[in-house]
Protein chains: 2
Amino acid sequence: MSRTAGSSGAKTLAAIREAGLQLIYEHGYEAMTLRRLAREVGLQPGSLYNHIATKQELLFDLIHNHMITLLESLDKALEGHTAPVESLKAFTAFHLTYHIERKREVFIGSAELRSLDPENRDIIVDLRRTYEDRLCAILDAGRASGDFVVEDVRVATYAILAMLTGICTWYDPGGRIDREALIRIHERLVLDGVTKNR
Amino acid sequence: MSRTAGSSGAKTLAAIREAGLQLIYEHGYEAMTLRRLAREVGLQPGSLYNHIATKQELLFDLIHNHMITLLESLDKALEGHTAPVESLKAFTAFHLTYHIERKREVFIGSAELRSLDPENRDIIVDLRRTYEDRLCAILDAGRASGDFVVEDVRVATYAILAMLTGICTWYDPGGRIDREALIRIHERLVLDGVTKNR
DNA sequence: TATAAAAACGAACATACGTTCTTTTATTTT
DNA sequence: AAAATAAAAGAACGTATGTTCGTTTTTATA
């Protein structure tokens, strides 16, 4: 046997990425074998190396792509909002939506940080920090304008992110609660948490 | 060579548990090799089997012990509190304290769920559900008494747990914020989230 | 249409893994 | 003090893993 009829590099690579994403999400990077991945895509193990350099590079590629897309989408979602309250609402809605829609990428992006080689990890950690800084800036602005009352901006940032991100680990898109309701509930939780109202 | 002078079963098992906890926390269950674990404890790989049955059993043992301790400690912490507001404060304080002190156990207890054999996983998932139910009950009571205004108790439960648990992934005990301040901040965040105040 | 490049196969390599087994020595029990 | 048990060593087994390589066939280029 040899090259298969109809085979195309771009298509195969996309299939490898998708299958890799799913397998790493389900079993973890270490537990995913390239033989299993190859079988899923319909290839022999060695043939994977026509498309990826190493297993590690595939992982980094998946996470890096995710982080870039996440940041670009966020900046688009925040465009046009100037008032801190509106920005915070926009952030919350975006974060929830994205984390529900890209559940697997998000999960891998944090759970598999430790599976990355040090240099690769550093790059991703930097991008994560940039994302956090966006929320930090909103809280800072709201504090300056008097809209928010926050004891410690960094703590509030992490608390909010932790709460919102935690959702994607249990939320069931086909379940009892629809996305709009979920966003509404959390907008209130987040706003109440940073608003003076005693 | 053979049995080492001063060797004792109980001590060695404790050392295996501690080293296993640390290694799984750092690298993940799949990435931790028994050879590395043995080296850490100062044993030959085969000698581990005088103390553990399998690698899988060690993982289950660590997580199961953690869950049992968690539940017992929670019930002790909630004792004596009857008013929903007080119960919720007690829950928050306990949850934070425990999750900061037992960071590694907590992390493994959720991150390595997927590395458990199905039967083992079922047991742990049941215990987790029991823990969640404690918070659910507090919110239900507060809703019945009129102290809390919660749109959906299950959602609020998960949101609160997600927020509080997320903290243990970044909190630095030796850092800028001391534990009391952290608890105070989060008690406010949680209470505001479930209290009517518009 | 001839030639170069791409994409697959299939076999193989070196290594590492969880685990088992036999043997030896230290500790505990009688 | 003798016998039984527990805990370690050390070697080995079978298997699985990431990866490489030579070959073959299909697609793209000239």
Side-chain angles (χ1 to χ4, degrees), chain A residues 1-21 23-24 26-63 108 112 114-120, chain B residues 1-21 23-24 26-63 108 112 114-120:
Chain A
M1 307 271 168
S2 59
R3 179 165 187 173
T4 308
S7 67
S8 136
K11 271 187 175 181
T12 306
L13 178 56
I16 290 173
R17 283 217 183 93
E18 165 58 28
L21 189 68
L23 286 174
I24 296 174
E26 278 176 27
H27 307 105
Y29 173 76
E30 297 283 353
M32 175 193 75
T33 74
L34 291 186
R35 281 170 174 77
R36 175 76 192 276
L37 176 61
R39 183 151 39 85
E40 213 79 26
V41 182
L43 291 181
Q44 292 297 318
S47 303
L48 291 172
Y49 287 84
N50 285 316
H51 307 276
I52 64 171
T54 63
K55 190 188 178 190
Q56 168 73 204
E57 195 225 49
L58 172 62
L59 176 64
F60 175 72
D61 180 56
L62 289 173
I63 298 180
I108 292 174
E112 297 298 352
R114 64 178 166 193
S115 302
L116 287 171
D117 289 344
E119 322 89 61
N120 286 340
Chain B
M1 309 270 167
S2 60
R3 181 167 186 174
T4 308
S7 68
S8 137
K11 271 186 173 180
T12 307
L13 178 56
I16 290 173
R17 283 218 184 93
E18 167 58 29
L21 189 67
L23 286 174
I24 295 174
E26 278 176 27
H27 308 105
Y29 173 76
E30 297 282 353
M32 175 194 76
T33 75
L34 292 186
R35 280 170 173 78
R36 174 76 191 276
L37 175 61
R39 184 150 39 85
E40 213 79 26
V41 181
L43 290 181
Q44 293 296 319
S47 302
L48 291 173
Y49 288 84
N50 284 314
H51 307 277
I52 64 170
T54 63
K55 190 188 178 190
Q56 168 73 205
E57 195 225 48
L58 173 62
L59 176 65
F60 175 71
D61 180 54
L62 288 173
I63 298 180
I108 292 173
E112 297 298 352
R114 65 176 166 195
S115 301
L116 288 171
D117 289 343
E119 322 89 62
N120 286 340

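Reminder, nothing fancy here: chain letters follow the sequence lines and each chain counts from 1. What you are looking at is a predicted structure, and each value in this text was computed from that prediction instead of being measured.
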### Query
Rounded to the nearest 0.5 Å, what separation is found between the CD1 atom of B:Ile108 and the CG atom of B:Leu21?
4.5 Å
### Task
Measure across A:Glu112 and B:Arg114 and return the closest heavy-atom pair with its distance rounded to 0.1 Å.
OE2-NH2, 3.3 Å
#### Entry: Atom pair distance, as rounded to whole Å: CZ in B:Arg35 and C1' in D:dA16
13 Å
### Message
Is there, by distance only and without an angle test, a donor paired with an acceptor across the side chain of B:Ser47 and the base of D:dA7 below 3.5 Å?
### Response
no
### Query
Can you find a donor-acceptor pair, distance only, under 3.5 Å between B:Asn50 side chain and D:dA8 base?
yes
### Query
Are OP1 or OP2 of C:dA8 and a side-chain N or O of A:Gln44 less than 4.0 angstrom apart?
no
## Note on the structure
In short, A:His27 meets A:Ala31 closest at the heavy-atom pair O-CB, 3.0 Å
### Query
Between atom CG in A:Leu37 and atom P in D:dT17, what is the gap in whole Å?
12 Å
### Query
To the nearest Å, how far apart are B:Leu13 CG and D:dA6 P?
15 Å
### Task
Please list all pairs passing the salt bridge (charged side-chain N to carboxylate O under 4.0 Å, His left out) test where one or both residues lie in residues 41-51 of chain A, with sequence neighbours left out.
none
### Query
Which of residues 26-34 of chain A have a heavy atom under 4.0 Å from DNA chain D?
A:Met32, A:Thr33, A:Leu34
### Interatomic spacing from CG in B:Leu34 to CG in B:Leu23 - rounded to 0.5 Å
10.0 Å
### Query
For A:Gly20 and A:Leu37, which heavy atoms make the closest approach, and how far apart are they?
N-CD1, 3.5 Å
## Note on the structure
Comparing nearest nucleotides in DNA chain D, the 5'-proximal residue of the pair A:Gly46, B:Leu43 is B:Leu43
### Inter- and intrachain pairs under salt bridge (charged side-chain N to carboxylate O under 4.0 Å, His left out), touching residues 28-40 of chain B, at least two apart
B:Arg36-B:Glu40
### Query
In whole angstrom, what separates B:Arg36's CZ from C:dT19's P?
18 Å
### Query
How long is the gap from CG on B:Leu48 to CD1 on B:Ile16, to the nearest 0.5 Å?
5.0 Å
With a 3.5 Å cut-off and sequence neighbours excluded, list the donor-acceptor pairs that the side chains of residues 55-63 of chain B form with protein atoms.
{"unit_1": "B:Lys55", "atom_1": "NZ", "unit_2": "B:Tyr29", "atom_2": "O", "d": "2.9"}
{"unit_1": "B:Lys55", "atom_1": "NZ", "unit_2": "B:Met32", "atom_2": "O", "d": "2.8"}
{"unit_1": "B:Gln56", "atom_1": "OE1", "unit_2": "B:Asp117", "atom_2": "N", "d": "2.8"}
{"unit_1": "B:Gln56", "atom_1": "OE1", "unit_2": "B:Asn120", "atom_2": "ND2", "d": "3.3"}
{"unit_1": "B:Gln56", "atom_1": "NE2", "unit_2": "B:Ser115", "atom_2": "O", "d": "3.1"}
{"unit_1": "B:Glu57", "atom_1": "OE1", "unit_2": "B:Ala53", "atom_2": "N", "d": "3.4"}
{"unit_1": "B:Asp61", "atom_1": "OD2", "unit_2": "B:Arg17", "atom_2": "NE", "d": "2.5"}
{"unit_1": "B:Asp61", "atom_1": "OD2", "unit_2": "B:Arg17", "atom_2": "NH2", "d": "3.2"}

### Summary
Rounded to the nearest 0.5 Å, the CD1 atom of A:Ile52 sits from the OG1 atom of A:Thr12 at a distance of 12.0 Å
### Summary
A:Ile16 CD1 to C:dA7 C1', in whole Å, measures 11 Å
### Task
Have a look at B:Leu48 and say if it touches a base, only the backbone sugar-phosphate, or nothing, with a 4.0 Å heavy-atom cut-off.
nothing
### Message
Expressed as a whole number of angstroms, how long is the span from B:Arg39:CZ to D:dG10:P?
### Response
16 Å
### Query
How close or far is atom C1' of D:dC13 from atom OH of B:Tyr49, stated in whole angstroms?
13 Å
### Task
Taking salt bridge (charged side-chain N to carboxylate O under 4.0 Å, His left out) as the test, write out the residues that go with A:Glu18, two or more places apart.
A:Arg104
### Contact list for DNA chain D against residues 53-61 of chain A - heavy-atom distance below 4.0 Å
A:Thr54, A:Lys55
### Message
So, does A:His51 get its side chain near the phosphate of C:dA8, meaning an N or O under 4.0 Å from OP1 or OP2?
### Response
yes
## Note on the structure
With five pairs defining each end axis, the helix from C:dT1-D:dA30 to C:dT30-D:dA1 comes out bent, to 10°, by 20°
